[in-house]
Amino acid sequence: MMAHVRRSFTRPSPEAIDAIRPYSPATVHEAQGKLGALDSRIKPLRHGWQICGSAITAQCHIGDNLMIFEAINLAKPGDVLVLSAGNNPEQGGFGDVLAAACRGKGIAGLIIDAGVRDGRGLRAGDFPVFSLGLCVKGTSKDTLGTVNMPVMVGNQLITPGDIIVADDDGVVVVRQEPFALAKACEAREASEAKLIEMHLSGRMEIEDRYDMMRAKGCVWED
């Protein structure tokens with residue numbers, strides 16, 4: 001792994017992030033054509049956490065967390081720390097001490113393709129952590145990596161400045177122009193609200209589905 005640290009990159013405007021903020025990862029994923037979902041194993045340590053912000057990235061050698069420190073050092077308030085750590089649940093290279101450092105910098109949350117530790121402290125705190133789970137095994141601080149270069153996390157290529165959205169369902173990276181995507185999300189939510197209202201009244205839209213099922217060869221029998 002070549003060591004390379006970029007100190008700066010272009011972040012999306014606060015208005016672009018705020019345009020996406022009201023919408024869940026599920027809505028964003030559907031509205032942008034089912035694109036951008038990270039591996040479903042990456043989940044929050046505690047229910048109820050939500051993240052929306054600009055990605056700052058780091059890549060660490062497996063079993064090592066050296067580059068996390070420089071990423072935190074270079075982060076700006078509202079950034080989401082996205083860490084490629086080898087897709088390895090059998091390491092805990094982030095815990096409550098680093099979470100305190102992140103809070104001190106105003107970082108909005110952590111997305112990592114590895115385990116973390118100090119679960120009790122992390123869950124009791126207010127810093128959102130999305131990971132592959134908990135692992136007691138610590139890491140070394142010996143191997144160089146990258147900061148603010150593109151990384152693969154959860155089978156998605158994440159570039160510094162990408163908008164990241166996360167909640168209990170999982171994590172999505174925005175793949176479309178944010179303001180146009182926000183309009184698509186708004187339209188989708190309005191459509192779903194109408195469906196929910198209809199379903200609660202005891203009605204379902206079934207005729208179109210029947211036509212589709214008949215076309216596929218479904219047969220009904222009393």
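In this chain, numbering begins with 1 at the start of the sequence shown. Computation of the quantities below employed the complete heavy-atom set of this structure, encompassing side-chain atoms and omitting hydrogens, waters and symmetry-equivalent molecules.
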Heavy-atom closest pair, residues Ala55 and Ile158: CB-CG2, 3.9 Å
Minimum heavy-atom distance Cys60-Ile68, with the two atoms named: SG-CG1, 3.8 Å
SB check Arg11 Asp79 (cutoff 4.0 Å): yes
Shared hydrophobic cluster, Val136 / Ile62 (ILVMFWY, side-chain heavy atoms < 4.5 Å): no
Heavy-atom closest pair, residues Ala114 and Ala85: CB-CB, 3.8 Å
Residue pair Asp126, Arg103: steps toward the salt bridge (charged side-chain N to carboxylate O under 4.0 Å, His left out) verdict: CA-CA 8 Å; Asp126 57 1; Arg103 288 198 301 271; 3.6 Å; yes
Atom of Lys141, atom of Phe69 and distance for their closest heavy-atom approach: CE-CZ, 3.3 Å
Check: Thr146 and Met67 side chains under 4.5 Å, non-hydrogen atoms: no
Close side-chain approach of Arg117 and Phe94, heavy atoms under 4.5 Å: no
Sub-4.5 Å side-chain heavy-atom contact between Val165 and Val174: yes
CD1 on Ile112 to CG on Leu81, rounded to 0.5 Å: 8.0 Å
Any side-chain donor near an acceptor of the partner, Asp64 and Ser140, under 3.5 Å: yes
From CA spacing to verdict: salt bridge (charged side-chain N to carboxylate O under 4.0 Å, His left out), Asp168, Lys43: CA-CA 7 Å; Asp168 288 344; Lys43 286 292 196 297; over 6 Å; no
Closest non-hydrogen atom pair between Leu45 and Leu122, with its separation: CD1-CD1, 3.6 Å
Hydrophobic cluster membership, Ile163 vs Val153, 4.5 Å side-chain cutoff: no
Close side-chain approach of Leu38 and Phe130, heavy atoms under 4.5 Å: no
Test applied, side chain to side chain contact (heavy atoms under 4.5 Å, CB included); reference residue, Val147; option that passes from Leu74, Thr57, Ile72: Leu74
Side chains of Asn73 and Arg7, donor plus acceptor under 3.5 Å: no
Over-ring placement of Arg6 relative to Phe9, 6.0 Å and 45° cut-offs: no
Close side-chain approach of Arg123 and Leu134, heavy atoms under 4.5 Å: yes
Contact check, side chains of Ile164 and Cys52, non-hydrogen atoms, under 4.5 Å: no
Ser54 to Gly161 - nearest heavy-atom pair and separation: OG-CA, 3.4 Å
Any side-chain heavy-atom pair of Ile111 and Leu83 under 4.5 Å: no
Point-to-point distance, once rounded to the nearest 0.5 Å, from CE of Met152 to CD of Gln156: 7.0 Å
Check: Thr27 main-chain N/O paired with Ser24 side-chain donor or acceptor under 3.5 Å: yes
Check: Arg175 and Asp162 side chains under 4.5 Å, non-hydrogen atoms: yes
Neighbour count above 12 (heavy atom, 6.0 Å) for Glu186 CD: no
Quiz item: cation-pi between Arg214 and Trp220, 6.0 Å / 45°: yes
